[in-house]
Amino acid sequence: MKVATWNVNSLPVRLPQVLEWIAQRNPDILCLQETKVINDRFPQEEFLKAGFHTLFHGQPTYNGVAIVSRIPLSEPRFGFPGWDDSECRLIAASAHNLRIINVYVPNGQELGSAKYQYKLDWLSHLSQLLKEEREDHPRVILTGDFNIAPEDRDAWDPALAGQIFLSPEERTALNEMMDGHFDDAFRLFHPENGHYSWWDYRQGMFRRNMGLRIDLILTSQTLRPVLKDAGIDRHIRKNERPSDHAPVWVDLS
DNA sequence: ATGGCTGTCAAAGACAGA
């Protein structure tokens, strides 16, 4: 059983590539970010034809998250309880015995900015929500675009450490969320340097493999015995008119 | 030092992304 995440940077533009990738990789659950499509225009039918249920949370122009799944989805959640975040960045649902939480963490722009503060506040709300979700659900998969490179080995240039996406505050927020509860599934299988999930469109960054690993699949430690494999489908970034992110997946028995 | 690309909305270029 495969669970995957992909920031598609516009689902209307990327839908053909998403359907093609689904046919190749055959995920059971796919979490999408930056769908950039309102709910009325979500391409439900196309996913239904491919055998997937859909759950989506979108707004005009920006953000937007969705879960598409071969397994029926129940107990949906859209956004945070008790906090009216105006941006569509969190969607969750249960599938079999798994609790899937799909996030599009704010970018943060630059250290000290209002957007950076929003990112830290957002992570704080996520941490709080996660405690509740973990109490209710023993097997959680928290996945999505975190806009945080967890460690120095997750960045093409170690000199980026301390800057946005790699700052101590962002990493502390992520570590505190994970500590003792979650594994970074990809790293259990691939500990070495040079693996990224995002490359800037500009300056041939992909060609030069200058990227960041910011798209993560965090699995409850209770799932560790059933984790079989994990990967990043880097080749998808070579597509014509690609997303700037590649799909990331984990395989569980 | 700056901008380098891509997408949206809308019909040029501002805004956002990472």
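Here is how names work: the chains are called A, B, and so on, in the same order as the sequence lines, proteins then strands, and each is numbered from 1.
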Expressed as a whole number of angstroms, how long is the span from A/Tyr62:OH to B/dC9:P? 9 Å

Is A/Arg241 close enough to B/dC5 that one of its side-chain N or O atoms is under 4.0 Å from OP1 or OP2 there? no

So, does A/Ser10 get its side chain near the phosphate of B/dT8, meaning an N or O under 4.0 Å from OP1 or OP2? yes

Can you tell me how far C1' in B/dT2 sits from the matching atom in B/dG7, rounded to whole Å? 22 Å

Send over the distance from A/Asn63 CG to B/dC15 P, rounded to a whole Å. 17 Å

Testing B/dC9, B/dG3, B/dG17 for proximity to the side chain of A/Gln203, the answer is B/dG3

Considering only NZ, NE, NH1 and NH2 on the basic side and carboxylate oxygens on the acidic side, decide whether A/Glu110 and A/Lys115 come within less than 4.0 Å. no

Nearest-Å distance for atom pair CE/C1', residues A/Met210 and B/dG4: 12 Å

Aromatic centroids of A/Trp21 and A/Trp6 separated by under 6.0 Å: yes

Selected nucleotide, minimal atom distance to A/Tyr104 side chain, candidates B/dG7, B/dT8, B/dG17: B/dG17

Look at A/Arg89 and B/dG17 and indicate whether a side-chain polar atom (N or O) is within less than 4.0 Å of OP1 or OP2. yes

What contact category does A/Phe146 fall into here, base, sugar-phosphate, or nothing, at under 4.0 angstrom with non-hydrogen atoms? nothing

If you assign each of A/Asp244 and A/Pro12 to its closest nucleotide in DNA chain B, which residue comes earlier from the 5' end? A/Pro12

Pick the P atom in B/dG4 and in B/dA14, then give their distance to the nearest Å. 12 Å

Roughly how many Å is it from CG in A/Asp215 to P in B/dG17, rounded to a whole number? 15 Å

Is A/Ile164 touching bases, backbone alone, or none of the nucleic acid, heavy atoms closer than 4.0 Å? nothing

In whole Å, I'd like the distance from the CD atom of A/Gln59 to the C1' atom of B/dA16. 12 Å

For the P atoms, the ones on B/dA1 and on B/dT6, what distance do you get once it is rounded to whole angstrom? 26 Å

With under 30° as parallel and over 60° as perpendicular, where do the rings of A/His125 and A/Trp83 fit, or are they tilted in between? parallel

Just how far, in rounded Å, is P of B/dG17 from NZ of A/Lys119? 10 Å

Select base, sugar-phosphate, or nothing to describe what A/Asn7 touches, counting heavy atoms under 4.0 Å on all strands. sugar-phosphate

What's the gap between B/dG3 and B/dA16 when it is taken at their C1' atoms, as a whole Å value? 16 Å

Just checking A/Arg237: base, sugar-phosphate only, or nothing, at a heavy-atom cut-off of under 4.0 Å? nothing

Closer than 4.0 angstrom, basic N to acidic O: yes or no for A/Arg202 and A/Asp244? no

Is any NZ, NE, NH1 or NH2 atom of the basic residue among A/Arg187 and A/Asp154 found under 4.0 Å from an Asp or Glu carboxylate oxygen of the other? yes

Interatomic distance, A/Ile214 CD1 vs B/dG17 P [rounded to whole Å]: 12 Å

Presence of A/Arg14 side-chain N/O under 4.0 Å of B/dG7 phosphate oxygens OP1/OP2: yes

Please verify the inter-ring angle class for A/Phe165 with A/Trp198; under 30° counts as parallel, over 60° as perpendicular, anything in between as tilted. tilted

Taking atom P of B/dG17 as reference, at what distance in whole Å does atom CH2 of A/Trp198 sit? 13 Å

5′-ward residue of the pair A/Lys36/A/Pro106 relative to DNA chain B: A/Lys36

